[in-house]
Visitor: 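Take this structure, written in structure tokens, and hold onto it; I'll ask about it next.
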Amino acid sequence: QAKVLGGRRCAIFDVDLRRRMQRQLDLEQELRGAADAGLLHAVYQPIIDIPTGEIVAVEALLRWNHPEFGKVSPAEFIPIAEESGLINDIGARALRTVSREFMEHLPTSGWRLNVNLSARQLDDAHLPDIVRDAVSSSGLPASRLCLEITESALMQDLHNAGDVLAKLREPGVSLAIDDFGTGYSSLAQLHRMPTDSLKIDRSFVLDIGKTTDTDIIVSSIIAMAHTLNLAVVAEGVETEEQLTMLRDLGCDQAQGFLLGKPVPIDALEGEIARCRQQRYADGH
Ligand code: C2E
Ligand code: MG
Ligand code: MG
Ligand code: MG
């Protein structure tokens with residue numbers, strides 16, 4: 001009996017695994033075509049300065065709407081792009097496109113533009129040229145571009161990360177460590193990274209004010225970042241309570257659905273106004 005069950009379970013697992021592998025292969029194939037045809041597009045999410053409530057930056061986030069598969073999340077297609085090596089092309093093209101789009105729509109906003117880079121792109125010796133090219137061809141001042149790199153990407157290649165970051169920063173762009181708190185870096189390692197800001201991972205923000213542990217962790221991250229002269233951004237802020245807690249803990253900036261969802265660039269100002277009105281109506 002057990003053997004039969006085991007066999008059956010194995011067969012089910014097999015079918016599921018095969019389906020997942022087939023989807024991976026299909027998506028990889030389609031992603032190649034979509035990237036070449038320019039079918040990936042970006043949405044933009046505001047980042048506010050907590051003390052003043054003013055927008056200081058927007059983060060560009062890639063979207064892929066496939067005619068057959070529907071909306072494919074970047075959480076699914078970015079890893080596929082990384083494994084297949086497509087990320088270098090996709091990343092370079094995205095950087096160029098979003099810089100241009102940003103300058104076309106918001107040239108005088110004074111806001112910064114944040115763009116995500118993946119670990120694989122850091123290995124590319126051409127990356128500093130790609131960044132310079134995106135800046136010069138769009139007219140975006142280098143000082144208004146911020147590149148986000150996840151803490152875990154930096155930890156993958158600790159020995160080289162410092163030099164790579166220093167080169168990237170040469171034209172005057174700033175660097176942010178993304179998803180901070182999930183990669184277990186030490187203060188000493190962080191000190192060696194030439195960066196400008198640190199983004200506290202959404203998983204901590206979600207539990208803020210709920211567990212003492214989380215509050216202590218977040219407060220330590222903020223203290224440590226300030227010691228290193230880094231600005232602190234909280235990601236995934238969804239409630240007024242979270243925002244108030246973050247303000248009390250001295251967090252500098254915030255990003256999240258409470259302040260604006262990621263939207264196409266021409267819908268950005270409407271989305272910001274919608275959130276302001278909603279918060280005002282709620283008494284904040
Ligand atoms: P990330 O860079 O940490 O971006 C923040 C993610 O959190 C985004 O998910 C955003 O939509 C989501 N988010 C923001 N505020 C809230 C909130 O209040 N609540 C919730 N539940 N979620 C919130 P998204 O757009 O699905 O992107 C997922 C990840 O995919 C990004 O995480 C980033 O690592 C990666 N990604 C997106 N675009 C690019 C890109 O152009 N290049 C690279 N290398 N990675 C990208
Ligand atoms: Mg990011
Ligand atoms: Mg992040
Ligand atoms: Mg994140």
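Counting starts at 1 for both ligands and their atoms, in listed order. What's counted below: heavy atoms across the whole structure, side chains too, no hydrogens, waters or symmetry copies.
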Visitor: Does only the side chain of N116 get under 4.0 Å from ligand 1, or the backbone, or both, or neither? Count heavy atoms.
Guide: both
Visitor: Applying a 4.0 Å heavy-atom criterion (strictly less than), which segment of E235 is in contact with ligand 1: side chain, backbone, both, or neither?
Guide: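 Side chain only.
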Visitor: Please determine whether E235 has a backbone or side-chain N, O or S atom lying under 2.8 Å from the Mg ion (ligand 3).
Guide: yes
Visitor: Where the Mg ion (ligand 2) is the centre, what is the OE1-to-OE2 angle for E148 and E59, rounded to 10°?
Guide: 90°
Visitor: Is it the side chain, the backbone, both or neither of V237 that has a heavy atom closer than 4.0 Å to ligand 1?
Guide: backbone
Visitor: Within the 3.5 Å criterion, strictly below it, is a donor on S109 or R144 matched to an acceptor on the partner's side chain?
Guide: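 Yes, side-chain donor-acceptor contact under 3.5 Å.
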Visitor: So, is T150 placed with an N/O/S atom under 2.8 Å from the Mg ion (ligand 2), counting both backbone and side chain?
Guide: no
Visitor: Looking only at side-chain N and O atoms, does D49 offer a donor or acceptor that is under 3.5 Å from a partner on T52?
Guide: yes
Visitor: Please check if any side-chain donor atom of D201 sits under 3.5 Å from a side-chain acceptor atom of S203, or the reverse.
Guide: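 Yes - a donor-acceptor pair under 3.5 Å links their side chains.
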Visitor: Give yes or no for whether the N/O distance cutoff of 3.5 Å, strictly under, is met between Q255 and ligand 1.
Guide: no
Visitor: Nearest to the Mg ion (ligand 3), which N, O or S atom of D178 do we find?
Guide: OD1
Visitor: With a cut-off of 4.0 Å, which atoms of ligand 1 are near a heavy atom of P74?
Guide: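 Going through ligand 1 atom by atom, the ones under 4.0 Å from P74 are 24 (P), 25 (O), 26 (O), 27 (O), 28 (C), 30 (O), 37 (C).
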Visitor: Does a donor on one side chain and an acceptor on the other come within less than 3.5 Å for K199 and Q255?
Guide: yes
Visitor: Without hydrogens or angle criteria, can the side chains of D252 and H226 be said to hold a donor-acceptor pair below 3.5 Å?
Guide: yes
Visitor: Can you list every side chain to side chain donor-acceptor pair (under 3.5 Å) pair that touches residues 26-42, not counting sequence neighbours?
Guide: Q22-D26, E28-R32, E30-H66
Visitor: Taking only heavy atoms of Q45 into account, list the atoms of ligand 1 that are under 4.0 Å away from them.
Guide: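 Close to Q45: 14 (C), 15 (N).
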Visitor: Salt-bridge test for D89 and R93: reply yes if a basic N is under 4.0 Å from a carboxylate O, no otherwise.
Guide: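 Judged by the 4.0 Å cut-off on N to carboxylate O distance, D89 and R93 do not form a salt bridge.
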Visitor: Check whether any side-chain heavy atom of V98 lies under 4.5 Å from a side-chain heavy atom of L62, and answer yes or no.
Guide: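 No, every pair of side-chain atoms sits at 4.5 Å or beyond.
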Visitor: Quick one: do E83 and R120 make a salt bridge, cutoff under 4.0 Å?
Guide: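 Here E83 does not pair with R120 in a salt bridge, since their nearest N and O are not under 4.0 Å apart.
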Visitor: Looking only at side-chain N and O atoms, does Y44 offer a donor or acceptor that is under 3.5 Å from a partner on E101?
Guide: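 Their side chains do contain a donor-acceptor pair, which is all the 3.5 Å distance test asks for.
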Visitor: On a heavy-atom basis, I'd like to know which of S73, A94, S118 is closest to atom 44 (N) of ligand 1.
Guide: S118
Visitor: Hey, is R63 one of the residues with a heavy atom under 4.0 angstrom from ligand 1?
Guide: yes
Visitor: Does the residue G91 have a heavy-atom contact with ligand 1, meaning some pair of atoms that are separated by less than 4.0 Å?
Guide: no
Visitor: Relative to atom 38 (N) of ligand 1, which among V98, L117, D178, L62 owns the nearest non-hydrogen atom?
Guide: L62
Visitor: Less than 3.5 Å apart, any donor N or O on the side chain of D163 or N160 sitting next to an acceptor on the other?
Guide: no
Visitor: Answer with yes or no whether E59 contacts ligand 1, where contact means a heavy atom under 4.0 Å from a ligand atom.
Guide: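 Right, E59 reaches ligand 1.
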Visitor: Could E271 and R274 be called an ion pair, given the rule that one side-chain N must be under 4.0 Å from one carboxylate O?
Guide: yes
Visitor: Checking the N or O distance criterion of under 3.5 Å, is ligand 1 in contact with T150?
Guide: no
Visitor: Could you see which bit of K261 sits under 4.0 Å from ligand 1, with heavy atoms only: side chain, backbone, both or neither?
Guide: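 Neither part.
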Visitor: Distance under 4.0 Å to a non-hydrogen atom of G256: what atoms of ligand 1 satisfy this?
Guide: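 Near G256, the atoms of ligand 1 are 15 (N), 18 (O).
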Visitor: Can you list the atoms of ligand 1 that are under 4.0 Å from a heavy atom of P262?
Guide: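 That gives atoms 11 (O) of ligand 1.
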Visitor: So, regarding L258 and ligand 1 (criterion: nitrogen or oxygen to nitrogen or oxygen, under 3.5 Å), is there a contact or not?
Guide: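 The answer is no, given that L258 and ligand 1 share no N or O pair closer than 3.5 Å.
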Visitor: Which N, O or S atom name in D179 marks its closest approach to the Mg ion (ligand 3)?
Guide: OD1
Visitor: Name all residues meeting the side chain to side chain contact (heavy atoms under 4.5 Å, CB included) criterion together with P194; count only those two or more places apart in sequence or in a different chain, and write none if there are none.
Guide: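 P194: side chain to side chain contact (heavy atoms under 4.5 Å, CB included) contacts with L165, A166, R169.
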Visitor: Using a strict cut-off of 4.0 Å, indicate which atoms of ligand 1 neighbour a heavy atom of E238.
Guide: 17 (C), 18 (O), 19 (N), 20 (C), 21 (N)
